[in-house]
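Protein chains get the first letters and strands the later ones, always in sequence-line order, with residue 1 at the start of each.
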There are 2 protein chains.
Amino acid sequence: MTETGGRAGRPRADALRNRELVLAAADRAFLEQGTGASLEGVARGAGVAIGTLYRHFPNRRALAAGLLRERHAALFEYGDDLADGKPALEALAAWMRAVAAHAALYRGLAALLMESLDDEASELHEACARMAATTNNLLAAAAAQGEVRTDVTAADVHALMNAAAWMREQVPAEQADHLDELLVNGLRR
Amino acid sequence: MTETGGRAGRPRADALRNRELVLAAADRAFLEQGTGASLEGVARGAGVAIGTLYRHFPNRRALAAGLLRERHAALFEYGDDLADGKPALEALAAWMRAVAAHAALYRGLAALLMESLDDEASELHEACARMAATTNNLLAAAAAQGEVRTDVTAADVHALMNAAAWMREQVPAEQADHLDELLVNGLRR
DNA sequence: ACCTGAACACCGTTCAAGT
DNA sequence: ACCTGAACACCGTTCAAGT
């Protein structure tokens with residue numbers, strides 16, 4: 001079930017190219033104006049007609065999901081690598097900071113990630129599920145070492161990470177770092 | 001500097017009445033659709049022309065500020081009453097819960113409050129300043145009793161309260177209550 | 001002093017017509 | 001199979017004309 005190409009063989013070359021142009025323009029627009037940026041503006045920036053944008057990405061969430069999958073793979077890989085080495089709570093904290101900083105790149109992304117965790121119909125659900133898997137692992141490890149309150153769930157951590165991103169969208173970076181630490185401190189037993 | 005009536009004497013009776021109609025319609029619309037609700041829809045709901053809405057409230061923030069000042073005074077009074085009795089950290093926690101629950105009434109309000117604390121030009125600045133005064137008092141008392149980390153500022157608490165509201169906009173009430181507790185736990189030393 | 005509503009600029013989304 | 005762009009419905013905001 002690829003996004004472009006339908007049921008038939010390889011997608012046409014011009015379609016692939018347009019898809020990339022749209023993603024690049026969306027990346028620029030979301031960085032500057034957040035995920036609420038005008039889709040007509042994105043299409044203009046990509047040099048394609050608005051219908052072409054909609055053909056590749058039926059809505060805003062699909063656009064964000066495409067960006068996460070194809071341009072932000074490093075975040076997920078970072079999460080996979082965090083399991084070893086460090087004390088477990090430190091690894092969990094590093095993951096929370098990484099997600100918070102990342103989601104804050106596009107203003108509004110944290111809200112999309114928040115609402116997509118439990119919504120299997122959302123185009124962002126896959127990204128959320130992958131994030132949740134990492135969160136689960138790191139939380140379980142920290143809990144096993146008794147470093148975290150026993151009533152903390154992975155859903156709580158998901159909410160707190162995204163809340164950290166949301167705060168980061170609106171306060172100076174140093175304060176945001178400090179707030180990250182207060183959030184992690186709240187998980188301690 | 002009243003919002004309606006300009007520099008002259010009492011505002012006309014029809015103006016006062018229209019202002020109330022707009023506020024009531026905005027309250028309904030914001031409750032249902034958040035602070036991003038269509039202002040044309042609000043005007044329609046109030047039975048006035050769109051120009052009348054703009055005359056009384058030049059923008060969305062002015063509308064939210066009007067609602068807070070004239071229909072949500074109870075929140076601020078509650079904050080004033082929290083200083084006595086209880087242990088200081090408990091009072092601060094109660095205040096954070098009250099603000100979070102309140103700001104979550106209108107989806108999007110927490111973001112407006114967040115950006116208005118340091119923006120003196122914002123119509124919501126007065127409301128934020130009053131909230132900040134209460135936060136300051138309660139935080140100072142809790143800090144004086146050594147119940148709170150010494151690096152926690154009133155700005156931090158403001159951010160955390162509004163983040164709690166933001167989370168509450170998107171998770172079930174029980175989880176939101178739990179998240180409130182984790183946030184407060186993070187303030188403990 | 002206040003209200004009305006047309007006017008302008010813009011956007012999201014769909015879909016018939018093309019290649 | 002894919003692209004284009006007109007079409008429709010809607011909104012934010014301003015302002016000339018009224019009372």
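Sorted pairs that involve residues 38-49 of chain B and meet side-chain hydrogen bond (donor to acceptor under 3.5 Å, both in side chains), not counting sequence neighbours, are lacking altogether.
Between the CD atom of Q33(A) and the C1' atom of dG12(C) there is a distance of 15 Å, rounded to whole Å. Taking atom CG on D14(A) and atom P on dC2(D), their separation rounds to 8 Å, with Å as the unit. R19(B) places its CZ atom 16 Å from the C1' atom of dA1(C), with the value rounded to the nearest Å. Atom CZ of R55(B) is separated from atom C1' of dT4(C) by 12 Å (rounded to the nearest Å).
No engagement by N59(A) is indicated, since no non-hydrogen atom pair under 4.0 Å with the nucleic acid exists. Residue R60(B) is in sugar-phosphate contact alone, with no base atom involved, counting any heavy-atom pair closer than 4.0 Å across all strands shown.
Using modelled atom types and a 3.5 Å distance limit, the side chains of H178(A) and D151(B) yield a donor-acceptor pair. A side-chain N or O of D156(A) and one of T153(A) form a donor-acceptor pair less than 3.5 Å apart. In the model, D119(A) has no side-chain atom that pairs as donor or acceptor with a side-chain atom of S116(A) under 3.5 Å.
When distances are taken from the side chain of A15(B) to each of dC2(C), dT14(D), dC3(D), the shortest belongs to dC2(C). Here the side chain of A49(A) is nearest to one of dG12(C), dT4(C), dG5(D), namely dG5(D). Listed nucleotides dT14(D), dC2(C), dT13(C) differ in distance to I50(B); the shortest reach to its side chain belongs to dT14(D). Comparing dT14(C), dC3(C), dA1(D) by their closest approach to the side chain of Y54(A) singles out dT14(C). Checked against dA1(C), dT4(C), dC3(C), the side chain of V48(B) finds its nearest nucleotide in dT4(C).
Of the residues in residues 36-46 of chain A, none has a non-hydrogen atom less than 4.0 angstrom from any atom of DNA chain D.
Residues V157(B) and L138(B) fail the side-chain proximity criterion, which asks for heavy atoms closer than 4.5 Å. Looking only at side-chain heavy atoms (C-beta outward), V184(B) and E90(B) stay at 4.5 Å or farther from each other. Annotation: side chain of M167(B) is in contact with side chain of L183(B) (closest heavy-atom distance under 4.5 Å).
Remark: DNA chain C takes part in the stems C:4-8 with D:12-16, C:12-16 with D:4-8, each of 3 or more antiparallel Watson-Crick or G-U pairs, criterion distances under 3.5 Å.
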- Task: Show your reasoning for whether side chain to side chain contact (heavy atoms under 4.5 Å, CB included) applies to T134(A) and V99(A).
- Result: CA-CA 11 Å; T134(A) 296; V99(A) 171; over 6 Å; no

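Taking the ring centroids of H102(B) and Y78(B), they lie at or beyond the 6.0 Å cut-off.
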